[in-house]
Structure formats: structure tokens, C-alpha cells
Amino acid sequence: MAFRDVSKEALIGTLTLGLVFIAGYLFGQKRKTFIMNLSKSHGKEQHNPLMQYVLRHSMREHPALAKLRLRTLEHDGNAMMVSCEQSQFMANLARLIKSKKVIEIGVYTGYNTLSMALALPDDGVVVACDINEKYADMGKPFWKEAGVEKKIDLRIQPALDTLDAEKVNYDPYYEKSLQLIRKGGIIAIDNVLWGGRVLQPAADDLDTLAIDRLNKKLHRDARVSLSMLTVGDGLTLAFKL
Ligand SMILES: C[S@@+](CC[C@H](N)C(=O)[O-])C[C@H]1O[C@@H](n2cnc3c(N)ncnc32)[C@H](O)[C@@H]1O
């Protein structure tokens, strides 16, 4: 499936994830929160020798994650899957801040959800939000195989309902997540470069315009410190101050 054909779902996933990871506040716990999510080194980067070197010398993929990745690559919508190196990076961030709660907005087959669940302590929880249970059903056997299915709280309904937000568009995911996480919590937003289209958004390309608008807003947002990484399709990390 061409990247442009999955834009709406990918965008949701993006914001989510990033947003992907929330914690404490949502559950009334005074814990650092990590919100996050999605991208794709398995796309155009897969034939890049330097990228292959990076993957060979850094990936420590759990066997269940590797199986889920290969299973997902058989699916028509695989362009939506997070890149493995980005997922591993976000899992390391979750470990770094000792997160016990993660909110993933946009689960798809659950690669990142599984990656986060593996990174959390035994009493940690990933609140995994998606509207399509068929996608998640592909991942569930691998969650079980890894022995972490009890750490995954799958919610099949629009993520904004799960987050108790009011409006349906992209910016509220960020705003709601910022409310939910505590200081030191992280919002990870995937696909912020949108295949490079953010450089010159066409006037009628609403997805790209929305991403560009959010990128500009975050750059000015004094409530967070910021990093924008070129990993995958672009990953913004917003650290709540
Ligand atoms: C890019 S994919 C997520 C990739 C995933 N994080 C991973 O680890 O591979 C986007 C997902 O968002 C889901 N989605 C679309 N609209 C949604 C909504 N309103 N609420 C929650 N999930 C939504 C889609 O069903 C799709 O599974």
C-alpha cells in the first residue's frame, strides 16, 4: 500500500504514539509518563547499506517482536507499522524515565505496543487505543508469546473518547496528552516529516498542512522542551516542563 494511501490512519497513529505514551496522570499515579508512537525503516530505508549497518549493530529485538514484524510485513497495511529502531529507541526512553504507564494512540498490529510492554516493569500498563480490533488481533498471539499480554489494556474506540477529549482532529491529541502526563513525561509524535511533504505542503493537502501546523506550534510551545529526530519518518519528542 502506498504511503499516501494510509495517511489518515498513519497520522492518527503518529499523534497517538507520540502520544503514545502517557502515564501517571491518567491513572492518578504520580509517575512519569511516556506517551508515544510510529514509523518505518522497513520502507525506503531497507536497501540503504548504512541503515542496514545501524540495524545490525543496534537492534536487540525480542523474538516475539521479530515474529510480529515479519507477520505484519505480510499485511497490506504494513506501511503503517512503526520502524523497529524507532520503537526500540522509544522503549529505551520509557526505561530511562522509569515509566509505568504508556498510552499508545494507534496500535495497528501492536509492534510498538509490545515493545513498550516489554520495556515496562511487571506492574506497568500500556493503554493501547485503536478503532480496528482486526489489526490488534494479528498482534495478540505475539503479545501472549512474549508473556506481557496482561500489561496491555486494549481499548477499541476512538482514542479521543478513551482520552476523554472533545474534538476530533489532530491537535487535541497533543493538548490532551499534555494535560494527562506529569512533568518529565514524554509525548512522542511520529511521522512529523510526512515523507518530506512538510517542506512544501500543497494548498489542498490537509494532512500535510495539519502536521506542519503542529510542528510549528510545538516549536513555539514553552510548555515543553523539544527534539525533532530524522529517525523513521520523523519523530518529535516533547518533554513536559
Ligand atoms: C500508523 S498505525 C499505528 C502503528 C502502530 N503504532 C505500530 O506500532 O505499528 C495507525 C493506527 O491508528 C488507528 N486509528 C485510526 N483512527 C483512530 C482513532 N480515531 N482512534 C484510535 N486509533 C485510530 C488505525 O486503525 C491504525 O491501526
Side-chain angles (χ1 to χ4, degrees), residues 1 3 6 9-22 34-46 51 54-56 58-95 99 101-120 124-156 159 186 188-192 229 231-235 237:
M1 180 181 291
F3 189 49
V6 297
E9 289 188 333
L11 185 60
I12 296 285
T14 295
L15 289 176
T16 301
L17 273 263
L19 305 190
V20 175
F21 325 131
I22 298 173
F34 182 54
I35 300 180
M36 100 172 165
N37 187 27
L38 40 151
S39 126
K40 37 210 111 257
S41 68
H42 45 277
K44 62 177 186 244
E45 290 286 5
Q46 65 184 331
M51 192 66 210
V54 168
L55 296 175
R56 278 203 313 276
S58 66
M59 286 308 300
R60 296 180 177 174
E61 206 175 30
H62 187 285
L65 273 175
K67 287 185 202 168
L68 174 53
R69 177 169 49 78
L70 294 175
R71 172 69 188 89
T72 304
L73 288 173
E74 294 169 3
H75 185 249
D76 281 350
N78 65 51
M80 289 194 287
M81 182 171 58
V82 67
S83 69
C84 54
E85 76 279 13
Q86 179 179 330
S87 184
Q88 182 170 289
F89 173 65
M90 293 191 288
N92 281 329
L93 282 179
R95 289 188 186 96
S99 177
K101 305 282 185 185
V102 166
I103 296 177
E104 175 135 37
I105 304 171
V107 175
Y108 184 39
T109 61
Y111 183 94
N112 198 64
T113 293
L114 175 54
S115 173
M116 298 308 293
L118 286 164
L120 295 185
V125 176
V126 181
V127 176
C129 311
D130 209 294
I131 50 174
N132 188 332
E133 191 155 20
K134 283 188 184 158
Y135 292 158
D137 283 345
M138 287 171 58
K140 285 175 188 171
F142 303 95
W143 302 350
K144 190 166 183 192
E145 179 181 327
V148 295
E149 78 273 23
K150 286 188 183 148
K151 288 196 235 173
I152 298 173
D153 177 4
L154 179 65
R155 311 272 184 98
I156 301 297
I186 302 171
I189 306 175
D190 194 11
N191 300 116
V192 295
L229 309 179
V231 63
D233 189 33
L235 175 70
L237 300 173

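Bear in mind that the values here come from a model prediction, so they are computed numbers and not experimental data.
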Between Cys84 and Met59, is a side-chain contact (heavy atoms from CB on, under 4.5 Å) present by the stated rule, with each step listed?
CA-CA 8 Å; Cys84 54; Met59 286 308 300; 3.7 Å; yes

Decide yes or no on side-chain contact (heavy atoms from CB on, under 4.5 Å) for Val102 and Val127, but give the supporting numbers first.
CA-CA 6 Å; Val102 166; Val127 176; over 6 Å; no

Do you know the tightest heavy-atom contact between [X] and [Y]?
X: Pro141; Y: Met138; result: CD-O, 3.5 Å
X: Asp130; Y: Val107; result: OD2-N, 2.8 Å
X: Asn78; Y: Thr72; result: CB-O, 3.2 Å

Rounded distance [0.5 Å steps], [atom1] in [X] versus [atom2] in [Y]:
X: Leu237; Y: Leu229; atom1: CG; atom2: CG; answer: 5.0 Å
X: Leu93; Y: Leu235; atom1: CG; atom2: CG; answer: 8.0 Å
X: Ile156; Y: Asn132; atom1: CD1; atom2: CG; answer: 7.5 Å
X: Cys129; Y: Glu104; atom1: SG; atom2: CD; answer: 8.5 Å

Can any side-chain N or O of Lys151 pair as donor or acceptor with the backbone N or O of Ala117 at less than 3.5 Å?
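Yes, the answer is positive, given that a donor and an acceptor are paired below the 3.5 Å cut-off.
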
Would a distance-only check, ignoring hydrogens and angles, find a side-chain to backbone donor-acceptor pair under 3.5 Å from Gln88 to Arg60?
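Confirmed, Gln88 side chain pairs with Arg60 backbone.
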
Checking side-chain contact (heavy atoms from CB on, under 4.5 Å) between Leu68 and each of Leu114, Thr113, Leu73, which is the one that passes?
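By the side-chain contact (heavy atoms from CB on, under 4.5 Å) criterion, Leu68 pairs with just one of Leu114, Thr113, Leu73: Leu114.
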
Those residues that, when tested against Glu61, pass side-chain hydrogen bond (donor to acceptor under 3.5 Å, both in side chains) (two or more places apart)
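With neighbours one apart ignored, the set is Arg69, Tyr111.
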
Side chain to side chain, [X] and [Y], heavy atoms closer than 4.5 Å:
X: Leu118; Y: Leu65; result: yes
X: Met90; Y: Val82; result: yes
X: Leu120; Y: Val126; result: yes

Under 3.5 Å, side-chain donor or acceptor atoms of residues 142-149 against the rest of the protein: list the pairs with distances, not counting sequence neighbours.
{"residue": "Trp143", "atom": "NE1", "partner": "Gly110", "partner atom": "O", "Å": "3.4"}
{"residue": "Glu145", "atom": "OE2", "partner": "Lys67", "partner atom": "NZ", "Å": "2.7"}

Partners of Arg56 by side-chain contact (heavy atoms from CB on, under 4.5 Å), sequence neighbours excluded?
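side-chain contact (heavy atoms from CB on, under 4.5 Å) check on Arg56 returns Gln52, Tyr53.
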
Please verify the inter-ring angle class for His75 with Tyr108; under 30° counts as parallel, over 60° as perpendicular, anything in between as tilted.
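The rings of His75 and Tyr108 sit tilted, inter-plane angle from 30° to 60°.
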
As a quick check of understanding, evaluate side-chain contact (heavy atoms from CB on, under 4.5 Å) for Leu55 and Glu85, giving each step before the final call.
CA-CA 7 Å; Leu55 296 175; Glu85 76 279 13; 3.7 Å; yes

Please determine if Lys140 and Asp137 form a salt bridge, counting it only when a charged side-chain N lies under 4.0 Å from a carboxylate O.
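Between Asp137 and Lys140 there is a salt bridge, with a charged N closer than 4.0 Å to a carboxylate O.
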
